[in-house]
Amino acid sequence: MRQMSRRTLLGNGAQAVLAGGVALSGIPNLGAQGSAKSAPKTVDYYQKLGVTPFINAAGTYTVLSASTMPEEVRAAIELAARRPVNLNELIEASGAYLAKRLRCEAALVTSGAAAALVVGTAACITLENEQPILDIPTDMSGLKNEVIVQKSHRYGYDHALRNCGILFVEVETLEQYEQAFTERTVMAHFFNAGAGKINREDWVRVAHQHGVPCFNDAAADVPPISNLWNYTQMGFDLVTFSGGKGLRGPQCTGLLLGRKDLINAARKNNSPNSNTIGRGMKVAKEEIVGLVAAVDWFLNQNDAAIEAQCRQRADRIAKHLSAIPAVQTQIFIPEVANHVPHLLITYDQNRIKTTGAEIMQKMREGKPRIELNPSTGGAPASAGLPGGPNTIVVGVWMLQPGEDMVVAKRLREVLQEAIRA
Ligand SMILES: *Cc1c(COP(=O)(O)O)cnc(C)c1O
């Protein structure tokens with residue numbers, strides 16, 4: 001009986017798919033104009049594949065799929081997916097639109113901030129001569145290939161630059177930086193959330209004295225919203241932001257902002273052009289439109305409201321935990337990356353005999369699954385977030401309405417179990 005009704009359901013679904021796919025005139029069904037009957041059944045593929053989503057109390061971490069898209073963004077993507085366009089026209093138009101909204105000379109949607117690092121570096125190498133677009137990274141003969149970087153700015157995205165065949169030249173002091181320029185210097189790279197002795201203004205000033213372009217990786221560094229133009233206006237020739245973190249666009253997008261000649265060169269090194277370093281980092285029409293819509297959405301937000309909302313969630317969770325002995329809570333805002341309130345929970349390990357890592361695992365195994373911030377228990381997370389064996393970090397930024405209390409209740413349960421143990 002059960003099986004029969006399931007078959008019936010599948011049968012109807014298959015019919016619906018057929019009806020939805022082939023409209024009378026032979027052009028794809030445009031949905032809104034079609035009848036309700038012809039809409040295909042929506043399949044929950046997470047469920048079908050047996051992959052369980054979780055409550056995101058972590059933040060915008062790549063492996064945790066970073067962020068979710070607001071309705072405006074999802075709707076724009078849905079529309080864009082229906083009709084073909086010329087990608088070069090879309091790249092041109094979206095770049096001009098984004099540059100205007102983000103107050104810079106030029107812009108390009110890439111397949112992520114890491115991809116922006118690749119095509120931005122390639123742009124610096126191939127700015128004066130296009131031939132090497134074909135040659136990098138395996139034939140670097142005669143090409144400028146040195147990228148100056150602060151030693152403390154070597155990080156988990158180095159490989160994106162190295163993809164272009166460059167070599168890093170490390171410096172620690174302003175004096176060393178001034179001495180590091182040679183006729184092979186092609187770029188000066190800055191990690192916006194990194195620590196280091198040389199500040200942004202000096203970084204730009206010295207590079208420009210030598211006629212060398214400066215790149216600033218600010219991938220995770222909104223809010224504040226104004227950062228979207230602060231760094232280009234400070235003089236950085238190229239700046240990138242991840243599209244799928246705070247901006248809440250598609251996860252596989254990024255913004256490359258900056259000087260017109262460099263953005264043009266980055267475009268030439270990027271998909272849809274074949275035989276380029278960027279061809280494997282294709283950006284589809286849905287992603288381009290999705291990121292433009294996300295930028296529009298994000299520019300309609302405001303910093304104070306984002307902060308207040310995060311604080312409210314953190315306070316609510318903290319209040320629910322306040323009855324547990326030996327637990328302390330505090331609100332923490334990282335200086336640069338992920339610059340929003342996080343809830344930091346520390347506890348006396350003599351009374352609560354468990355580690356942050358164990359708590360994280362218990363939260364992950366509960367129903368519903370909850371992912372805490374990866375710095376919980378002291379694992380490396382993003383720049384500027386504290387951690388330790390007895391530290392729990394709740395990233396409240398990406399929680400959906402109502403989820404703060406679900407997290408609070410489960411955390412209290414897990415901590416109280418550990419007291420009893
Ligand atoms: C996340 C991140 C990136 C990569 O961004 P994607 O959009 O995922 O490619 C690069 N640099 C820094 C500093 C980041 O935090």
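As a basis for the values below, the full set of heavy atoms in this structure was taken, side chains included, without hydrogen atoms, waters or symmetry mates. Atoms within each ligand, like the ligands themselves, are counted from 1 in listed order.
The single protein non-hydrogen atom nearest to atom 11 (N) of ligand 1 is D217 OD2, 2.7 Å, given as residue, atom name and distance. With hydrogens left out, the protein atom closest to atom 7 (O) of ligand 1 is S242 OG, 2.6 Å, a heavy atom. Atom 4 (C) of ligand 1 has its closest protein heavy atom at Y157 CE2, 3.4 Å. Atom 5 (O) of ligand 1 has as its closest protein heavy atom A113 CB, 3.2 Å.
The shortest N or O to N or O distance between K245 and ligand 1 is below 3.5 Å. Residue Y155 has no N or O atom closer than 3.5 Å to an N or O atom of ligand 1.
The aromatic rings of F190 and H153 stand perpendicular to each other, their planes meeting at an angle above 60°, with 30° marking the opposite boundary.
Residue D221 is tested with T240, L228, N227 for a side chain to side chain contact (heavy atoms under 4.5 Å, CB included); the sole match is N227.
Counting atoms of ligand 1 from 1 in the listed order, those under 4.0 Å from a heavy atom of F191 are 13 (C). Atoms of ligand 1 found under 4.0 Å from any heavy atom of A114 (numbered from 1 in listed order, with element): 4 (C), 5 (O), 6 (P), 9 (O). Each of the atoms 7 (O), 9 (O) of ligand 1 lies under 4.0 Å from some heavy atom of G112.
The CD1 atom of I370 lies 11.5 Å from the NZ atom of K409; values are rounded to the nearest 0.5 Å. Between the CD1 atom of I324 and the CG atom of L415 there is a distance of 4.5 Å, given to the nearest 0.5 Å.
Considering all non-hydrogen atoms of both residues, T60 and M398 come closest at CG2-CE, 3.5 Å.
A donor-acceptor contact closer than 3.5 angstrom is absent between the side chains of S65 and Q251. In this model, a donor atom of one side chain and an acceptor atom of the other lie less than 3.5 Å apart for N145 and R184.
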